[in-house]
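Okay, so here's the structure we're looking at.
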Amino acid sequence: MAGLVEKPHTELIFCIPESRPRDYLPDVGEDSVEIPPALLRKDLPIPDHDELTVVRHFTGLSQENFSVDGNFYPLGSCTMKYNPKLNEALVRDVRLTDLHPHLISEGQARFCQGALQILWELERILCDLTGMERFTFQPMAGANGELCGVKIIRAYHEARGQRRSYLLVPDSAHGTNPASATLGGYRIVNLPTTEKGYLELKTLKEHLSEDCAGLMLTSPNTLGLFNPEIDAIASAVHEVGGLLYYDGANFNALMGNVKVSDLGFDIVHLNLHKSFSTPHGSGGPGAGPVGVVKDLVEFLPVPLVERGPDGFYLNWDLPNSIGKIAPFLGNFLVVVKAYIYLRLLGLEGIRYASQVAVLNANYLRQRLKDLIDVPYSGWCMHEFVASAAQLKKEKGITALDIAKALIDRGVHPPTVYFPLIVKEALMIEPTETETKFTLDYLVEAIRDIIDTPAEALKSAPHRTRISRPDEVRAVKEMDLAYLE
Ligand SMILES: *Cc1c(COP(=O)(O)O)cnc(C)c1O
């Protein structure tokens, strides 16, 4: 298509904003940038389109995807809340984006006092929220944090001359828990969830021994249920010398209201990319800082950020440290976003956000239970699990059908078929950032789906470019090229 392009398009594509200070980049010299002729292209067929056509093309592509900015994401366990744009804007400051990770290292600390101060202050805030003594910001994701925690558990026992062989993981745990425990060298002992929907003390006791390294637990668990026996569970694990690991990837239910140290936990990881203002999906970028109680500080990864009389500095002097779990100090910009978010909300705001998250989940649960089976009676915390098992039997409508049909109605599917202990599971987490209007819309959308003949749902979604891909192949052979 002929456009009204007067300038050569290379200028459009390779324009670098003048405002970015690039003076400190090393001068590579003329010779070193010469590209061998064999590697040079003969031609570069860039389409010659006018600007508006290009804008419409890319805007159209961006709208092919679901996003929190455009759609409701009641994605259980994932905390897909709205993340304020202000935080994104603030971390785009070149003083943060152009900070070289190598600069935040020993000897260079005087050049990045501001960055170290952010890390130091956020650490204090997270300690306040969890009751932990110290945090490391190195882990790049929740799973990376879990591995860090498991290595700390191991280091703790080894320092006592013990080599315990197994970790306890409930069957409702996020899949990363058993994976991290295995990677950390432990055998997994799976704890079944009873009909009450949580790990019961009597089940735990059957699996405790002096060979147990600890328990990895989420409370509220992925069924959205808070464990009422948590005190007794913590004591029982401690009695055999084990440690308690809290999977705090999803901290929405507790933040500002309950400290995990008060529940008896020794180690916790938080997903800054779920609870604290970084959008997530497709694998990153994330941050899974790990906090520990006083007795475990000596095992944290190096370095820790400290404040001394001459300012902030990095402390590498931890002889019992597990070493490094990720390069540098983690995903710094994700950490900064969490810092801004927490400073803006303050303790009161965080507490309120958590309470609204729980209120929203309960409102939705209460309204949905007339339409679809919601096992486990009583209040839920930040999320709950519905089951389409009955609908499947009566009408042939499965959890997958509901999920896919929701896409046509503008809602991202909830987490489905997890946890495995609920048949035809739909795990729903509305988060605190959704309005009553949106929650009501979901109820009506599900009502509409249930009233639709099952055959009409089997090929949903109908309004997307592709409908039901082979999900395993789509992940294993991902092809992101766009071809008309
Ligand atoms: C998301 C999640 C994890 C894993 O976090 P990643 O950042 O995806 O590695 C672990 N546990 C729970 C409960 C989660 O929701």
Side-chain angles (χ1 to χ4, degrees), residues 68 73-81 83 130 136-151 167-184 188 191 193 197-199 215-227 244-255 260 263 265 267-291 325-326 330-331 333-335 337-338 354 357 361 380-385 412 414-422 425 427-431 475:
V68 171
Y73 259 72
L75 195 59
S77 187
C78 285
T79 317
M80 295 294 271
K81 60 172 82 173
N83 301 292
T130 57
T136 171
F137 289 106
Q138 253 174 57
M140 300 278 190
N144 200 191
E146 290 167 26
L147 180 62
C148 174
V150 171
K151 280 174 174 279
L167 269 173
L168 298 168
V169 183
D171 57 4
S172 64
H174 193 271
T176 48
N177 289 190
S180 308
T182 307
L183 214 59
I188 316 288
L191 300 176
T193 302
Y198 51 81
L199 169 66
L215 166 69
M216 294 180 90
L217 195 71
T218 314
S219 181
N221 62 11
T222 52
L223 292 169
L225 302 176
F226 188 82
N227 195 317
L244 269 100
Y245 183 96
Y246 187 83
D247 178 345
N250 191 328
F251 207 46
N252 252 22
L254 300 192
M255 56 185 197
V260 293
L263 303 177
F265 287 91
I267 308 176
V268 57
H269 87 262
L270 302 172
N271 276 18
L272 302 187
H273 51 293
K274 285 180 183 169
S275 314
F276 299 131
S277 183
T278 285
H280 67 97
S282 301
V290 170
I325 194 82
N331 266 326
L333 295 183
V334 175
V335 171
K337 270 187 271 189
S354 169
C380 64
M381 296 295 284
H382 59 298
E383 65 190 3
F384 62 94
V385 177
H412 189 282
T415 303
V416 286
Y417 298 97
F418 184 81
L420 305 174
I421 44 185
V422 175
M427 191 206 281
I428 299 174
E429 178 185 7
T431 81
V475 172

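Whatever order the structure lists them in is the order used to number ligands and atoms, beginning at 1. Being a predicted model, the structure only gives us computed values, none of them experimental.
- Using a 4.0 Å cut-off between heavy atoms, S77 contacts ligand 1 through both its backbone and its side chain.
- Taking the side chain as every heavy atom from C-beta outward, D247 and H269 approach each other to under 4.5 Å.
- The aromatic rings of Y73 and H412 sit parallel to each other, their planes meeting at less than 30°, with 60° as the upper class boundary.
- Looking at T79 and E429, their side chains do bring a donor and an acceptor atom within 3.5 Å of each other.
- The shortest side-chain heavy-atom distance between T222 and T415 does not fall under the 4.5 Å cut-off.
- Remark: K81 NZ is packed, more than 12 non-hydrogen atoms of other residues, nucleotides or ligands lying under 6.0 Å away.
- At the top of the distance list for atom 5 (O) of ligand 1, counting protein heavy atoms only, stands N271 ND2, 3.0 Å.
- Which of K274, E383, E146, H174 comes nearest to atom 1 (C) of ligand 1 through a heavy atom is settled by distance: it is K274.
- Side-chain atoms of T431 do not come within 3.5 Å of backbone N or O of A357 as any donor-acceptor pair.
- Below 4.0 Å from some heavy atom of A141 lie the following atoms of ligand 1, by number and element: 7 (O), 9 (O).
- Residue D247 approaches ligand 1 through these ligand atoms, each under 4.0 Å from one of its heavy atoms: 10 (C), 11 (N), 12 (C), 13 (C).
- Distance OG/S172 to CG/L217: 7.5 Å, rounded to 0.5 Å.
- Below 3.5 Å of separation, one finds no N or O of T222 facing any N or O of ligand 1.
- The G142 neighbourhood of ligand 1 comprises atoms 5 (O), 6 (P), 7 (O), 9 (O), with distances under 4.0 Å to a heavy atom of that residue.
- Assignment of T218 to the shell around ligand 1 is not supported, since no heavy atom sits closer than 4.0 Å.
- Distance from atom 9 (O) of ligand 1 to its nearest protein heavy atom, with residue and atom name: A143 N, 2.8 Å.
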